[in-house]
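By convention in this document, chain letters (A, B, ...) are assigned in the order of the sequence lines, proteins followed by strands, and residues within each chain are numbered from 1.
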Protein chains: 2
Amino acid sequence: MRRIAESTVRRLSLYLRFLEEFEHQGIKTVSSEALAARGSGGTTPAQVRKDLSFFGSFGKRGLGYDVRALATRIRDILGLKRRYRVALVGAGKVGSALVQYEGFRDRGFEIVAIYDRDPKKIGERWNGVVVRDVGHLEADLKRSPVDIAIVVTPAAAAQDVVDRLVSSGVRGILNFAPTSINVPSTVALKTVNMAQELETLSFALARK
Amino acid sequence: MRRIAESTVRRLSLYLRFLEEFEHQGIKTVSSEALAARGSGGTTPAQVRKDLSFFGSFGKRGLGYDVRALATRIRDILGLKRRYRVALVGAGKVGSALVQYEGFRDRGFEIVAIYDRDPKKIGERWNGVVVRDVGHLEADLKRSPVDIAIVVTPAAAAQDVVDRLVSSGVRGILNFAPTSINVPSTVALKTVNMAQELETLSFALARK
DNA sequence: GGATGTGAATGTCTTCACAGCT
DNA sequence: AGCTGTGAAGACATTCACATCC
């Protein structure tokens, strides 16, 4: 299977959002030009066509793309036709924000377990899910596996938690801990680092 | 001034974090190899040297880099020698998490104003900052400008808020609203989209 | 006629490999 | 001898431009 650039995948995710907007507005057909224009600046018609062409040819020459059909194809490509069971490790402020974030559930990512180490948090009910002692992680995941884990622990705890998640069969990790994490190549890892985002802004500001 | 790739800037931000760890451990000197190894997988010794070489030559051949001196240089490059005044627009769950996040203040990003539209939120005190009606935005920023704004509004409100921020002189925007935003080229913009991050994971999982 | 799909060309980023300091 | 700094080579990503098909 051909390697696909991460930038391509991120754009597909954007296109999907735009297509859903168009569908909502009752628009039946779009050209690569219209799709690119919606993400103004971010991309070009040629880019849209090239991105899609890695996966097949979904348009009609002279016409463009059927909005609903293309959205379906992209959902399929991105693996969004199924639901994902997600565990959240770290019941702090960020964790609390993520649990309440509608965007996850809308896309089929369902937080089914929440862990923390703090006895004050353990037993709380968040959006219907009871916070459990992180000590139960392995036993729980054995009984009731998850596909993805979101890690929102302090930096010092993150690698250990990730190791335990990986050996419990988790195949994707979204890491919010402000540190760099190691996983075997069989596991997909994405790290989101807020401070890093602000620092790239700071750099841009410093040169303008 | 030579254009620098965003990927280079992100790595510099990482290197800085690693250098701070090394300094904390009392390590005086690092080689490009040691720095690359700390971010295992993410980079290579050659990459480290090339990234740094865009800004000058900071190492000693045969020896490596002085940890403290290099950290200082990178802070300088990233524009982290000054403090930034930051406004937060949107006092929801994510906003609340960001306000409490220590990593921002540690790096010189200080949230000095918080806005919302919800009368229930207005008047609340968050970490010593009073939430104000977003209607006061322009007047407030005129009296007391900020450098950067973090936008955490619903998607539908984001572009309008951003336009008002930009015309009030904000030069950098960190956007958490799940939509794509336009700014003039004089303004630096970064968008963080949680659902998009999960979708790239989903894509990776679907192909493994 | 009009917009896709795609090789070829261009541009950008990463890796290599070694000359040059310390 | 050891490790940096950097042109040159290679890999990768984007843009161009046009033949192709509806």
Side-chain angles (χ1 to χ4, degrees), chain A residues 1-15 18-19 22 27-74 77 200 203-204, chain B residues 1-15 18-19 22 27-74 77 200 203-204:
Chain A
M1 212 186 230
R2 170 92 153 290
R3 198 193 158 264
I4 301 293
E6 164 139 351
S7 50
T8 293
V9 178
R10 301 183 70 92
R11 282 191 300 265
L12 287 178
S13 170
L14 264 186
Y15 302 156
F18 298 156
L19 287 166
F22 287 138
I27 296 167
K28 298 286 184 213
T29 294
V30 280
S31 63
S32 57
E33 194 176 354
L35 252 186
R38 174 59 188 80
S40 34
T43 190
T44 65
Q47 183 83 78
V48 170
R49 298 200 300 276
K50 180 65 89 180
D51 286 338
L52 295 173
S53 79
F54 293 135
F55 302 96
S57 52
F58 308 132
K60 283 201 177 48
R61 299 175 194 227
L63 268 170
Y65 303 88
D66 181 275
V67 169
R68 180 190 280 263
L70 185 57
T72 300
R73 291 311 314 259
I74 294 181
I77 292 165
T200 67
F203 176 79
Chain B
M1 214 186 230
R2 170 89 156 293
R3 195 189 161 271
I4 301 293
E6 163 139 354
S7 49
T8 294
V9 178
R10 300 183 70 94
R11 282 190 301 265
L12 287 177
S13 171
L14 265 185
Y15 303 157
F18 298 156
L19 287 166
F22 287 138
I27 296 167
K28 298 286 185 214
T29 294
V30 280
S31 62
S32 56
E33 193 175 353
L35 251 186
R38 174 59 187 80
S40 34
T43 191
T44 64
Q47 183 82 78
V48 170
R49 298 200 299 276
K50 180 63 88 177
D51 286 338
L52 296 173
S53 78
F54 293 134
F55 301 96
S57 52
F58 308 133
K60 283 200 174 50
R61 297 173 196 230
L63 267 171
Y65 302 88
D66 181 275
V67 169
R68 179 189 280 262
L70 184 57
T72 301
R73 291 311 314 257
I74 294 180
I77 292 165
T200 67
F203 177 79

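Put simply, CD on Glu6(B) is 18 Å from C1' on dC12(D), counting in whole angstrom units. Protein atom OH of Tyr15(A) is 12 Å distant from nucleotide atom P of dT4(C), rounded to whole Å. Here dC21(D) presents its C1' atom at 17 Å from CZ of Phe58(A), a figure rounded to the nearest Å. Spacing between atom NZ of Lys60(A) and atom C1' of dC21(D) amounts to 12 Å, rounded to whole angstrom units. Atom CD in Glu33(A) sits about 15 Å away from atom P in dT15(D), given to the nearest Å.
In terms of heavy atoms, Pro45(A) sits closest to Ala36(A) at N-CB, 3.5 Å. When all heavy atoms of Ser53(B) and Lys50(B) are compared, the pair lying nearest together is OG-O, 2.8 Å.
Taking 4.5 Å as the limit, every side-chain heavy atom of Val9(B) sits out of range of all side-chain heavy atoms of Ile77(B). Side-chain contact check for Arg38(A) versus Tyr15(A): every heavy-atom pair is 4.5 Å or farther apart. When side chains are defined from C-beta on, Leu52(B) counts as touching Leu70(B), because their heavy atoms get closer than 4.5 Å. Between Phe18(B) and Val30(B), every side-chain heavy-atom pair lies at or beyond the 4.5 Å cut-off. Between Lys28(B) and Val67(B), the closest side-chain pair of non-hydrogen atoms is not below 4.5 Å.
The closest donor-acceptor contact from the side chain of Thr8(B) to the backbone of Ile4(B) lies at 3.5 Å or more, if one exists at all.
For dT4(D), its base sits under 3.5 Å from the side chain of Arg61(B) at one donor and acceptor pair at least.
The side chain to side chain donor-acceptor pair (under 3.5 Å) test applied to Arg49(B) returns Ser32(B), not counting sequence neighbours. Remark: Arg10(B) engages Glu197(A), Glu6(B) in a salt bridge (Lys or Arg N to Asp or Glu O under 4.0 Å) (not counting sequence neighbours).
Under 4.0 angstrom from either OP1 or OP2 of dA3(C) there lies no side-chain N or O belonging to Ser31(A). At least one side-chain nitrogen or oxygen of Ser32(B) sits closer than 4.0 Å to the OP1 or OP2 atom of dT4(D).
Contact check of residues 7-14 of chain A against DNA chain D (heavy atom, cut-off under 4.0 Å) returns Ser7(A), Arg11(A). Contacts of residues 46-56 of chain A with DNA chain C (heavy atom under 4.0 Å): Arg49(A), Lys50(A), Ser53(A). Less than 4.0 Å separates DNA chain C from at least one heavy atom of each of the following residues of residues 36-45 of chain B: Thr44(B). For the segment residues 63-72 of chain B, residues with any heavy atom less than 4.0 angstrom from an atom of DNA chain D are, sorted by number, Leu63(B), Gly64(B), Tyr65(B).
Separating the CG atom in Leu63(A) from the OG atom in Ser31(A) is a distance of 10.5 Å, to the nearest 0.5 Å. Of the inter-residue distances, the one linking Leu19(B) atom CG with Asp66(B) atom CG reads 9.5 Å to the nearest 0.5 angstrom.
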Determine, step by step, whether Ile74(A) and Phe58(A) satisfy the side chain to side chain contact (heavy atoms under 4.5 Å, CB included) criterion, reporting the C-alpha distance in whole Å, the side-chain angles of both residues, the deciding distance to 0.1 Å, and the verdict.
CA-CA 10 Å; Ile74(A) 294 181; Phe58(A) 308 132; over 6 Å; no
